[in-house]
Structure formats: C-alpha cells, structure tokens
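So that the names make sense, note that chain A is the first sequence line, chain B the second, and so on, each numbered from 1.
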Number of protein chains: 2
Amino acid sequence: MSVTINDIAKRAKVSSATVSRVLNNSGYVKEETRQRILVAIKEMNYTPSAIARSLSKCETNTIGVIVPDITNAYFGEIIKGVSERAERNNLNIILFNTDNYLEKEVRALKLLKEQRIKGIIMTPGFGEEKFNENYIKTINTLNIPIILVSADVKFTKLNGVFVDNIKGGFEATNLLIKEGHTKIGIMTGLLSSEPVMDRLEGYKRALKENDIDFCSKYVLYGDFKLDKAYELTKKLLKEKDRPTALVVCSNMMTMGVIKALKEENKDIPRDLAIVGFDKIDFLDMVGLNITYMEDCPIELGRSSMDMLFDIISSNEDDSVRRRIIAPQIVVKGSEKKI
Amino acid sequence: MSVTINDIAKRAKVSSATVSRVLNNSGYVKEETRQRILVAIKEMNYTPSAIARSLSKCETNTIGVIVPDITNAYFGEIIKGVSERAERNNLNIILFNTDNYLEKEVRALKLLKEQRIKGIIMTPGFGEEKFNENYIKTINTLNIPIILVSADVKFTKLNGVFVDNIKGGFEATNLLIKEGHTKIGIMTGLLSSEPVMDRLEGYKRALKENDIDFCSKYVLYGDFKLDKAYELTKKLLKEKDRPTALVVCSNMMTMGVIKALKEENKDIPRDLAIVGFDKIDFLDMVGLNITYMEDCPIELGRSSMDMLFDIISSNEDDSVRRRIIAPQIVVKGSEKKI
DNA sequence: CTGTTAGCGCTTTCAC
DNA sequence: GTGAAAGCGCTAACAG
C-alpha cells in the first residue's frame with residue numbers, strides 16, 4: 001500500500017483534515033503547520049489518490065475519448081486538439097480505439113460509464129449498421145454528456161461538432177465547374193456515412209445550380225478504401241464517355257485513384273482533374289499537388305473539448321449544442337482543366 | 001447522484017453484499033435472489049462505480065500511456081497494439097500526448113501516479129536534454145511498473161521493448177554495400193536520440209566489416225525534420241565528391257531528401273540510392289519505391305503491453321525486463337546501384 | 001445462502 | 001486554526 005493522507009497527518013502531528021486543507025489550498029492553515037505538512041509530504045514522497053478524492057467528491061477529472069482508428073492521423077489530430085484543451089482544464093483522457101466495430105463502441109461507452117467520467121467525446125465509426133437499436137439505446141441511457149465529433153449518429157439529436165460536408169461537396173464541385181469542367185464525377189465512400197451523403201448532396205446542388213445534368217453513371221460507389229478506389233478508377237479509365245474531373249470523398253480513396261492513374265500513365269489534371277477530401281501530408285513533397293477540402297481535425301478536437309467543458313460547467317442548461325465548421329479548400333492545381 | 005449498490009439492495013430487498021456478489025460472480029447466491037437483483041439492476045439502469053471498486057480493492061484496472069506525438073502514425077500504431085492487448089486484459093488506457101516536452105512527460109507521470117494506475121507504457125520524447133535530473137528522479141521514485149517503448153532513457157535501467165537500431169543501421173548500410181556502393185552517406189537525427197546513435201554505430205560497423213573507410217564528410221547531421229533534411233540534401237547535391245547512396249534515419253527526413261531530389265530533377269536510385277527508416281504509407285502508391293527498415297510499431301505496442309501485464313501478474317519478480325526486436329528490411333529498389 | 005461490519009483514502013461539515 | 005466524524009460506493013471477512 002502506498003502512503004496515505006493519514007500517514008502524513010501522523011508524521012506532521014496534525015489531523016488528516018488539516019493535511020487535506022493544505023493539499024487543496026482550502027481553509028486557513030497556520031503557515032508553520034503548513035510547512036510541517038509540506039515537509040512530511042516531501043519526505044514520504046506522498047501522492048494523493050485521485051481515486052479516493054473522486055469517490056469523496058463524487059466527481060472525476062476524467063473524460064472519455066472514442067475513435068474508430070487511432071492509426072489514422074485524422075483522429076490523431078482530433079485527439080491532439082482534445083488533449084490540448086483537456087490539459088488546460090486539468091482533465092485526463094481515457095482512450096478507446098474501436099477499429100470501427102460497433103460492439104467495441106458500445107463496450108467503451110459502458111466502461112466509461114463505470115469510470116464515472118465527466119463526459120465523452122466520440123467519433124462514431126462508419127460501420128454499415130449505425131442504426132442498431134442497442135447502440136442507440138446505450139447512448140440514450142448513458143446519462144453522461146456526450147459530444148460527437150466529425151460524424152453524426154442518425155436518429156439522435158446529440159451535441160456535436162461537425163464539418164459542413166454539404167458545403168464541402170458543393171465547393172469541391174463548384175471549383176471544378178468554375179474551371180470549366182462539365183463532366184464531373186464523384187467517388188463516394190459507404191453510403192451509410194453521413195459525411196459522404198452530405199458531400200454527394202453538395203455535389204448535386206452544385207451541378208444543379210450550374211444547370212449541369214446529374215448523371216448517375218458518374219457516381220462511383222467506393223468504400224473509403226484504397227483498393228476499391230483503385231479498381232473503380234481502373235474501370236473508369238476504360239470507359240469511352242468518362243468524366244474529366246472527379247471529386248474523391250476521402251484521402252485513402254484519393255490515393256487509390258492516384259495509384260490507378262499512375263499505373264495507366266495518366267496525368268493529373270490533364271487526363272483527370274481531382275479534388276480530394278482531407279489532407280495527405282506527403283503528397284506535396286513528391287510533387288503531387290492535389291487540391292482538397294480540409295476538415296482541420298485539430299480544430300474539431302479543440303472545439304469539441306471546449307463544448308464539453310462548457311456543458312460540464314453550466315449545470316442546468318441542457319439544450320443541444322451543435323457546431324458546424326466549414327471546411328477549407330486548399331487549391332493546389334489538380335482541379336485545372338487543360 | 002447516480003444509482004448505487006444500496007439502491008439496488010433496497011429495491012431487491014437484500015443487502016448490498018449480496019448485490020456485490022452477483023455483480024462479481026463471487027460466492028453463492030440463490031438463483032431466485034440473483035434474478036431479483038438482476039431485474040432491479042436493469043430497471044434502475046445501474047452501472048457499478050469503478051472508482052468505488054478501485055478504492056475498496058486498492059487497485060485499478062487502468063494503465064497509462066505516454067507518447068510524444070499522437071498525430072504521428074508510428075505512435076498511433078503503438079497505441080493500437082497496446083490497446084489491443086489492454087482490451088484483452090480488461091485494462092483501460094489513460095493517454096497523454098507530450099508534444100515532446102519534457103515537462104509534460106513529468107506532469108503526465110505525476111498525474112498517472114495520482115490515478116493509482118497499474119503501470120505505464122511510455123515512449124520518451126526526443127528532446128535535447130533527456131538527462132535532466134528532475135526527470136530521472138521522477139521516474140525512479142515513481143514506484144509504478146513502467147515499460148519504455150521504442151526509445152530508452154539514459155542513466156536508467158528500466159524495462160522496455162526496443163528496436164535493435166544498431167542492427168538496423170548495419171543492415172541498411174550492408175544492403176547498400178552488397179549492391180556495390182562504396183561511397184555511402186548517412187543522415188542522422190538529433191544525436192541526443194539513442195536510436196540515431198545506434199543506427200550511426202551500425203552504419204560504422206558495416207563499413208568497417210567491409211573495409212570501407214569511414215568518411216566524416218558523409219555524415220549529415222539532421223534534426224528529424226523535413227526542412228533540414230531538404231536543405232542538407234540540396235547542399236549535398238552541390239558537392240563534387242558526394243556519396244552515391246544515403247542511409248536516412250527517419251521517415252520525415254526521407255521525405256525531405258526526396259523533395260530535394262525531385263526539385264533538382266535527380267533520380268532515385270540513379271543519382272542517389274536511398275535506404276530509409278520507417279514506413280511511409282503513401283510512397284508506393286505514387287510510384288516511389290523506397291527501401292526502408294521497418295520497426296513494426298504495432299508489435300512494439302503489443303509486446304510492451306504483454307510485458308507490463310506479465311510484470312503486474314508476477315508480484316515478486318522485480319528483475320528488469322528488456323526485449324529487443326529486430327527491425328525488418330523492406331526492399332523496394334531504391335538501394336540499387338545503377 | 002445472506003447480512004453485518006469494517007475499511008479503502010479522501011473531503012467536508014460542524015464543533016471547539 | 002484545527003480536529004472529530006460522517007460519508008462517498010464498493011469489497012471482503014466474519015457470522016449466522
């Protein structure tokens with residue numbers, strides 16, 4: 001067992017209450033006594049137990065963070081943003097990585113509840129069946145403030161910080177139109193994903209607003225993964241009537257598209273103009289300047305932690321908070337019409 | 001306040017001890033009573049408090065993980081590996097991101113101690129002054145099992161899972177020698193970094209073993225960052241007597257080298273052969289096949305969690321455990337001598 | 001099989 | 001200024 005507050009109390013010949021006072025800087029303590037206690041703490045290498053404190057105060061200084069894929073830099077950035085702000089507010093983070101498994105999300109939620117954390121920041125995974133009844137029920141009966149980041153959960157009206165993906169899809173498409181493209185395709189991710197649906201919606205709106213007919217043939221249904229994108233692109237390149245430009249809904253898929261184009265010796269943007277989504281750090285450096293829509297995940301992280309803190313601090317106010325951040329467009333040249 | 005074990009006890013007309021028994025599957029409980037309790041738990045949506053349990057049992061089911069940069073996929077992989085194994089052992093993870101700041105590491109260590117966690121898995125940052133007295137003292141007086149991952153801390157003999165970087169440097173260099181290169185350079189990171197020193201050592205050994213004179217001019221002192229690597233390469237390309245091959249000690253620097261080569265219209269490996277360190281996911285896809293030494297960070301993560309669990313489980317055995325994993329060489333062609 | 005009771009380490013009145 | 005004591009929610013003997 002480690003040193004406790006009582007050990008310190010004995011050593012300094014005071015009561016544990018007094019030790020507690022100097023630990024928390026609460027109440028008056030004679031300077032002399034305080035010093036004696038401080039010395040005892042040093043000498044015995046005492047560290048107060050957050051556990052005991054939590055139980056006693058009926059509150060922790062911990063929040064939960066749930067992400068679908070910790071190896072993805074996008075979520076790394078989110079966590080970094082959360083972590084920055086959490087640190088500022090003296091909050092610790094319990095992390096769960098779900099590998100996109102629904103059950104793992106549910107499990108994480110339950111474990112976090114056991115930990116009596118102050119709140120949860122979560123990016124739901126993009127599994128096929130996010131309408132799962134058990135899932136929704138778990139969230140609804142959680143009774144802990146929860147902030148969704150980046151992705152929404154259908155059939156709930158939860159707090160969250162999101163990206164305006166309709167705008168993203170719109171801007172991406174619009175840029176291509178302004179460049180003179182009229183045959184514009186889009187490669188989606190799984191349609192169970194809100195962001196993708198929204199981007200698709202934005203895409204359609206941009207076409208409509210510019211009197212370009214929507215052509216269902218130009219919609220390529222990907223699954224966020226590189227391989228599928230690669231395949232789809234390969235197939236696309238074989239078509240006679242194919243788009244001159246492509247909006248690609250995720251960075252992994254952008255990589256797949258590029259891979260296929262390279263293999264077929266096609267030039268970007270000459271043979272196919274591209275506007276992607278999400279930053280791909282390494283592309284510039286190898287001379288591949290791909291225009292993309294940028295989510296600023298670190299900002300999403302910061303913003304969600306701020307929102308959570310705001311909720312925690314304002315006890316009564318239980319209104320639903322939703323913030324929607326507009327993505328940035330980063331123009332690099334791959335959208336050009338040549 | 002949330003529902004407690006006593007609420008359940010009252011509701012089910014038993015004592016809290018009995019409830020505890022069914023919660024933990026310990027001791028005998030009449031099936032009928034058990035059912036009554038289970039119903040009460042359901043009805044009241046009760047979730048036991050891990051806090052109270054921890055205090056009572058004097059042990060948590062939490063470990064701490066400290067990394068220098070959560071946005072770096074390398075550490076993401078490590079965390080994923082840790083997380084996989086932690087999950088298997090019903091352990092939660094409290095995460096700290098230090099941005100490579102020594103003080104943040106120290107702070108994290110202290111906060112983790114307050115949380116009475118079972119153990120710590122940490123990758124120390126690669127700041128300049130890792131010999132800091134206060135730092136060493138904090139670690140030594142921690143009194144919590146700690147596993148270092150990937151990077152060691154000087155002047156301590158702590159448990160850890162490391163990469164055999166001497167071997168890495170050796171193999172990288174040796175491969176180039178076998179290809180016929182004799183003028184081989186190396187780009188290091190900050191020399192305060194153990195891994196880099198080891199790679200440099202391996203580099204020297206390989207040269208020696210093949211009777212190639214070490215040429216100090218061929219050692220480029222980088223700082224892990226892309227920009228510096230870029231500069232150094234630019235400068236290198238201007239030299240008349242320059243190496244035909246380069247061992248590059250980190251992926252960021254590899255990117256910098258590539259960037260410079262591209263800009264100068266130099267070909268890999270014709271103008272400069274390269275063996276890098278660490279995987280760069282996106283390179284293959286853009287047709288840049290760079291040979292590299294691979295750490296398998298997810299394995300480091302798994303292995304470190306397994307080691308920690310082993311330590312936790314075997315109370316008495318306080319011997320220092322150190323495992324050294326050999327890196328893999330992934331040959332892609334950039335090492336060729338043309 | 002089940003209840004009573006004494007902690008776990010800390011905070012927080014309420015006295016003195 | 002300081003101490004005594006109750007209590008946070010749970011577990012773990014020990015009785016019965």
(request) May I have the distance from A/N6 (atom CG) to D/dA5 (atom P), rounded to whole angstrom? (result) 14 Å

(request) Write down the distance between CG (A/N61) and P (C/dC10), rounded to a whole number of angstrom. (result) 15 Å

(request) Among C/dC8, C/dC1, D/dT2, find the nucleotide with the atom closest to the side chain of B/Y28. (result) C/dC1

(message) Walk along nucleotides 11-16 of chain D from 5' to 3' and tag each nucleotide B, S or - by protein heavy-atom contact under 4.0 Å, base first, then sugar-phosphate.
(response) BBB---

(message) Restricting to ring-ring contact (aromatic ring centres under 6.0 Å, His included), what partner residues turn up for B/Y46, sequence neighbours left out?
(response) none

(message) I'd like to check B/S83 versus B/I93 (side-chain heavy atoms, cut-off strictly below 4.5 Å). Are they in contact?
(response) yes

(request) Could you list the residues that satisfy side chain to side chain donor-acceptor pair (under 3.5 Å) with B/T33, not counting sequence neighbours? (result) none

(request) For B/L55 and C/dC8, give me the distance from atom CG to atom P, rounded to whole Å. (result) 9 Å

(request) Would you check if A/V3 and A/N45 make a side-chain contact, meaning some heavy-atom pair closer than 4.5 Å? (result) no

(request) When you get a sec, tell me which of D/dG3, D/dG9, C/dT2 is the closest nucleotide to the side chain of B/T4? (result) D/dG9

(request) Only pairs at least two apart or in different chains count here, so list each salt bridge (Lys or Arg N to Asp or Glu O under 4.0 Å) that has a residue in residues 106-124 of chain A. (result) A/E59-A/K118

(message) Quick check on the helix from C/dC1-D/dG16 to C/dC16-D/dG1: what's the angle between its two end axes, five base pairs per end, to the nearest 10°?
(response) 40°

(request) Look at B/S15 and C/dG3 and indicate whether a side-chain polar atom (N or O) is within less than 4.0 Å of OP1 or OP2. (result) yes

(request) Apply side chain to side chain donor-acceptor pair (under 3.5 Å) to B/N24 and list each qualifying residue two or more places apart in sequence or on a separate chain. (result) B/S20

(request) List in numerical order all residues of residues 30-40 of chain B for which some heavy atom is under 4.0 Å away from an atom belonging to DNA chain D. (result) none

(request) For B/F309, check ring-ring contact (aromatic ring centres under 6.0 Å, His included) against everything at least two apart and list the hits. (result) none

(request) Send over the distance from B/D7 CG to D/dG7 C1', rounded to a whole Å. (result) 15 Å

(request) Please list all pairs passing the salt bridge (Lys or Arg N to Asp or Glu O under 4.0 Å) test where one or both residues lie in residues 25-49 of chain B, with sequence neighbours left out. (result) B/R11-B/E43

(message) Please enumerate all residues that pass side chain to side chain contact (heavy atoms under 4.5 Å, CB included) together with B/A17, with sequence neighbours excluded.
(response) B/S15, B/R21

(request) Nearest whole angstrom, please: distance from the C1' of C/dC10 to the CZ of B/R116. (result) 11 Å

(message) Run the salt bridge (charged side-chain N to carboxylate O under 4.0 Å, His left out) test against B/D7 and tell me which residues pass, sequence neighbours left out.
(response) none

(request) Whole angstrom is fine here: how far is it from OH in B/Y46 over to C1' in D/dC10? (result) 7 Å

(request) Could you check how far NZ of B/K10 sits from P of C/dG3, rounded to whole Å? (result) 14 Å

(request) Name all pairs fulfilling the side chain to side chain donor-acceptor pair (under 3.5 Å) condition that reach into residues 69-81 of chain A, sequence neighbours left out, sorted by first residue then second. (result) A/D69-A/T71, A/Y74-A/S150, A/Y74-A/D295, A/K80-B/D99

